[in-house]
Each structure stands twice: as structure tokens, then as C-alpha cells.
Amino acid sequence: MIIKRYLVSNMNEALTRIRYELGKDAIIISQRKVRKAGFKGLFSGKLIEVTAAIENSSDSKKSNIKKQEDSFEDSLASIKKLMENTTKDYNIEDSNNKQQDKKVNSSLNKNEPKESLKNTKQDTIYKEVNEMKELLNKVIENTSKDEEVNTLKEKLDDIDIDEEFHDEIMEKVKHDLYEGIDEEESLRKIFENTFLDFKEEIKGKIVLVGPTGVGKTTTIAKLAGKLALVDKKSVGLITVDTYRIGAIEQLKTYAEIMNIPFKVVITIKEMEAAIESMKDCDVVLIDTTGRSSKNTMQISELRAFIEKANPDNVNMVISATTKNKDIISILKGYESLGYDSIIITKLDETTAYGSLYNIMKRSNKAIKFVTTGQNVPNDIKTLNKEEIARFILGEETLC
Ligand SMILES: Nc1nc2c(ncn2[C@@H]2O[C@H](COP(=O)(O)OP(=O)(O)OP(=O)(O)O)[C@@H](O)[C@H]2O)c(=O)[nH]1
Ligand SMILES: [Mg+2]
């Protein structure tokens with residue numbers, strides 16, 4: 001077993017050196033962050049000490065390292081030979097031309113041209129060898145980076161990132177790898193930067209729209225509970241959920257339990273009256289019936305109600321379990337309602353949170369809340385950009 005220790009500034013550098021020196025079968029035994037030795041180390045950035053090992057196979061005559069040393073020595077020997085030949089050629093050439101040189105350079109110092117020509121030839125060879133070495137190192141380094149980018153595609157699939165965004169993400173990660181930023185940090189940066197901050201206080205008239213069964217009414221009940229019971233705000237509830245009696249009963253029951261005003265709206269005129277009756281409330285939460293995003297008639301009808309309410313904020317409610325293709329058509333179908341933020345529900349019903357990224361990318365709107373279960377009022381929360389990235393990366397789960 002050959003064990004080697006490397007002091008490097010990042011894992012990419014370690015992997016490149018290990019692969020180059022110990023071969024591709026080498027394994028990493030340990031890694032830890034260390035500071036440079038001595039007093040100066042206290043003020044410098046951390047380095048990584050990586051220990052790698054390779055089996056010293058008894059069958060093979062030479063270990064990988066020996067093979068590499070041999071081939072390195074071979075290369076050196078060839079270069080040396082090349083240099084000797086070149087120098088020899090030069091000497092023969094030089095002696096042949098000696099007489100002629102004497103004549104041509106009669107006005108110059110006799111030793112100077114010979115020495116300087118010899119040095120120039122040697123310098124050129126050294127320079128070329130160094131360039132070759134640099135090129136070789138780059139090729140080794142780039143090969144390992146390309147391999148990393150290829151495995152990234154599988155990872156993006158695993159966390160449910162829409163395939164349409166893969167190329168863009170991989171391009172960014174590849175760029176970051178060349179800058180010395182590792183894959184995980186690069187992804188984190190991409191996911192965090194997609195998040196739009198939403199610090200606005202919840203107040204005024206707030207409408208929730210979205211497809212059938214995504215959890216609009218449950219989310220309204222959760223918000224009403226938090227605002228009325230925890231934040232002690234005066235809250236009013238309005239529903240334009242006119243199609244099914246059951247849906248009205250659902251919110252009415254919550255309103256009765258929380259002792260807050262509740263109005264059912266069937267016509268545009270009633271919407272005007274309901275809003276007027278709740279004008280003293282800090283927050284008025286307006287629930288709507290789920291509509292098919294493809295039914296433009298229903299969407300236009302809903303728009304008329306929303307326009308009459310003149311809301312401060314329209315939230316598009318969408319479930320985290322929505323298929324990637326449907327996300328596009330839903331967001332597009334509801335566009336005419338002028339939603340300005342997003343609520344993502346049923347985060348508890350999925351284990352891969354790529355839909356958070358897909359929805360953020362497709363809508364370019366802030367995610368105001370996420371809901372994480374059926375319990376009213378507890379299963380609702382706000383996320384910041386760091387938390388969003390941790391969810392998408394799979395570092396944080398609700399399971
Ligand atoms: N697992 C889970 N279930 C939820 C969540 N939010 C709501 N639900 C459930 O989803 C179902 C539908 O919720 P509703 O609030 O009635 O959905 P809606 O959007 O109002 O539906 P329509 O009024 O028919 O458009 C209910 O069984 C809820 O308990 C959540 O965050 N997680
Ligand atoms: Mg409902």
C-alpha cells in the first residue's frame with residue numbers, strides 16, 4: 001500500500017494530483033481542513049490535507065507510481081538525449097563554420113556568438129518542455145472537470161430539475177469549476193440566486209388563485225389562523241368559491257372557530273359589498289374556486305371578481321407535486337390574473353424539491369410561502385434563499 005499526503009487549496013486540485021501521481025485506482029482515505037504551519041498560517045485561508053492510498057499489487061511488477069516514475073524518467077532521458085544531440089549538432093555545425101564565422105564576424109568578439117547561440121537553443125528547448133508540461137497538466141485537470149460535469153446531469157435528474165434547465169446549469173457549474181469553486185457550492189449559488197426576496201408585511205386584500213385541489217382554502221385557513229391568533233390582527237375572509245357548497249362550508253367552519261367575519265360572494269356586486277364591509281380589517285383574505293388554466297372563460301370570469309376586489313397582492317398557488325410540463329401551462333394560463341407572488345403547497349408530498357427551482361425559474365416571482373402538511377394553522381412557513389437551496393440540494397427534507 002502506498003500512502004501519500006497532499007496539502008491543497010481545494011478538492012479539485014487534490015483529485016488531479018492524486019490521479020496524476022497515484023493513478024485512477026487510488027482511493028481517498030481522509031480529508032481535513034488545516035491551516036498553514038507557523039505564525040503566518042493563522043492569517044491565511046484554510047488548506048485541505050488529503051490522504052490517498054493505492055494498493056501495491058503483488059502480481060504486477062510495477063506499481064502505478066513506479067510506472068509513472070519510469071515513464072517520467074523515460075521522458076526525461078529522451079529530452080536529455082534530444083538536448084545532447086542538438087548541442088552536438090550545434091558543435092559540428094559550429095566547427096564547420098568556424099573559419100567562415102571568423103571572417104564574417106571578424107569585427108565581433110570571437111567567443112560571444114557561439115555561447116549566446118548555444119544558450120538560445122537550450123533556452124528554447126527548456127521553454128518548450130515547460131510549455132508541454134503545462135499543457136499536459138491542463139489536459140489532466142480539464143478531463144477530471146468534464147467527468148464531474150457529466151455526473152452532474154444525473155444529479156439534476158435525481159433532484160427533479162426540469163431537463164430544459166440542465167444545459168444552462170451545467171454551463172455555469174463548468175465555468176465555476178474552472179474558477180476553483182466546487183460543484184456543490186456552484187449549485188447552491190445558482191439555486192440561491194434564482195430566489196427573489198419577499199419581505200413585504202402581510203396586509204390589505206390578498207387573493208389566492210390556482211388549480212383545483214392544490215390547497216388554496218387550507219392555506220387561507222392557515223394564514224387566517226396565524227394572523228388572527230398569533231399576530232393578533234383583525235382578519236376578514238371572503239370566498240368566491242361558488243360552485244360547491246362543501247367548499248364554502250370548509251372556510252365558514254374555520255371562520256366560526258376563529259371568530260372572524262366571513263362573506264360568500266356570488267356576483268361582482270356582492271364582491272364590492274363584501275370588500276366595503278371589511279374595510280376596517282388589517283387583512284382580508286380572498287379565496288377562489290380552482291379553475292382549469294385551459295378554460296379561458298372561467299379565468300376571465302375570475303378576473304372580473306379580482307379586478308373588483310382591487311387586491312394588494314395576488315398569489316398563485318401551485319403544488320410542489322405538479323409535473324414539470326404542467327407548471328408551464330398553469331403559470332401561463334393564470335398570467336392574465338396578474339399574480340405577483342407564488343405559494344407552493346404540499347412540499348411534504350415530495351422527496352425531490354427541484355419543482356421549487358422549476359417554478360421560480362418559470363414564474364420569475366417571489367415564493368411567499370410554502371405549505372408542508374394538512375394541519376391548520378401550523379403547516380405553513382416562509383423560506384429564505386439559503387433554505388430554498390438546501391431543499392433543492394436535498395440537504396433539508398420534510399420526511
Ligand atoms: N399533504 C398536504 N396536503 C395539503 C396541503 N395543503 C392542503 N392539502 C390538502 O389538499 C386537499 C385540497 O385542499 P383545499 O384547500 O380544499 O384545496 P383547494 O385549492 O381549495 O381546492 P379547490 O377549492 O377545489 O380548488 C385537502 O385534503 C387538504 O387537506 C399540504 O401542504 N400538504
Ligand atoms: Mg378551495
Side-chain angles (χ1 to χ4, degrees), residues 160 206-227 235-258 260 262-266 271 274 284-303 305-306 309 311 313-323 326-327 329-331 333-334 337 339 341-356 359 367-383 387-388 391 396-399:
D160 243 359
I206 294 168
V207 177
L208 267 64
V209 296
T212 319
V214 287
K216 296 179 293 298
T217 307
T218 315
T219 305
I220 291 240
K222 288 172 185 173
L223 286 173
K226 287 247 183 244
L227 292 164
V235 180
L237 293 182
I238 295 176
T239 184
V240 277
D241 197 337
T242 53
Y243 292 107
R244 284 161 300 137
I245 299 299
I248 294 174
E249 287 306 317
Q250 191 186 351
L251 204 55
K252 195 173 166 207
T253 310
Y254 284 122
E256 277 167 9
I257 295 169
M258 290 183 263
I260 54 181
F262 172 71
K263 290 259 187 279
V264 182
V265 160
I266 297 167
M271 174 61 93
V284 177
L285 298 167
I286 305 169
D287 192 14
T288 62
T289 320
R291 323 264 161 151
S292 160
S293 55
K294 290 179 204 135
N295 191 328
T296 43
M297 270 281 287
Q298 284 188 355
I299 298 282
S300 325
E301 185 196 44
L302 187 54
R303 195 175 63 213
F305 278 94
I306 293 173
N313 168 220
V314 178
N315 292 279
M316 173 75 215
V317 185
I318 188 162
S319 163
T321 59
T322 312
K323 280 191 285 184
D326 295 339
I327 289 174
S329 63
I330 290 169
L331 292 176
Y334 278 85
L337 300 185
Y339 57 86
S341 51
I342 306 278
I343 294 175
I344 301 183
T345 56
K346 308 195 182 184
L347 223 58
D348 55 308
E349 287 190 2
T350 179
T351 47
Y353 302 97
S355 58
L356 292 175
I359 295 169
I367 296 182
K368 211 167 171 189
F369 297 103
V370 295
T371 74
T372 56
Q374 293 177 292
N375 293 324
V376 177
N378 285 335
D379 292 341
I380 186 163
K381 58 199 274 183
T382 50
L383 294 180
E387 287 167 319
I388 284 268
F391 266 112
E396 199 159 313
T397 65
L398 292 161
C399 311

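Every heavy atom of this structure was used, including side-chain atoms; hydrogens, water molecules and symmetry mates were not. Numbering of ligands and ligand atoms starts at 1, following listing order.
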Which residues pass the side chain to side chain donor-acceptor pair (under 3.5 Å) test with K368, sequence neighbours left out? N313
Would you find a donor on one side and an acceptor on the other, under 3.5 Å apart, between the side chain of S355 and the backbone of K323? no
Are any of the side-chain nitrogens in R291 or E301 under 4.0 Å away from the carboxylate oxygens of its partner? yes
Is it true that R291 lies under 4.0 Å from ligand 1, counting heavy atoms only? no
Would you say T288 has any N or O atom under 3.5 Å from an N or O of ligand 1, going by distance alone? no
Below 4.0 Å, non-hydrogen atoms only: which portion of D348 touches ligand 1? Side chain, backbone, both or neither. side chain
Report yes if the side chains of T219 and I380 come closer than 4.5 Å at any heavy-atom pair, otherwise no. yes
Test your reading of the structure: does T217 have an N or O sitting under 3.5 Å from an N or O of ligand 1? yes
Would you call D379 a ligand 1 contact, heavy-atom distance under 4.0 Å? no
Do S341 and N315 have a side chain donor and acceptor closer than 3.5 Å? yes
Has T217 got an N, O or S atom lying less than 2.8 Å from the Mg ion (ligand 2)? yes
Record the part of K346 in heavy-atom contact with ligand 1 below 4.0 Å; permitted values are side chain, backbone, both and neither. both
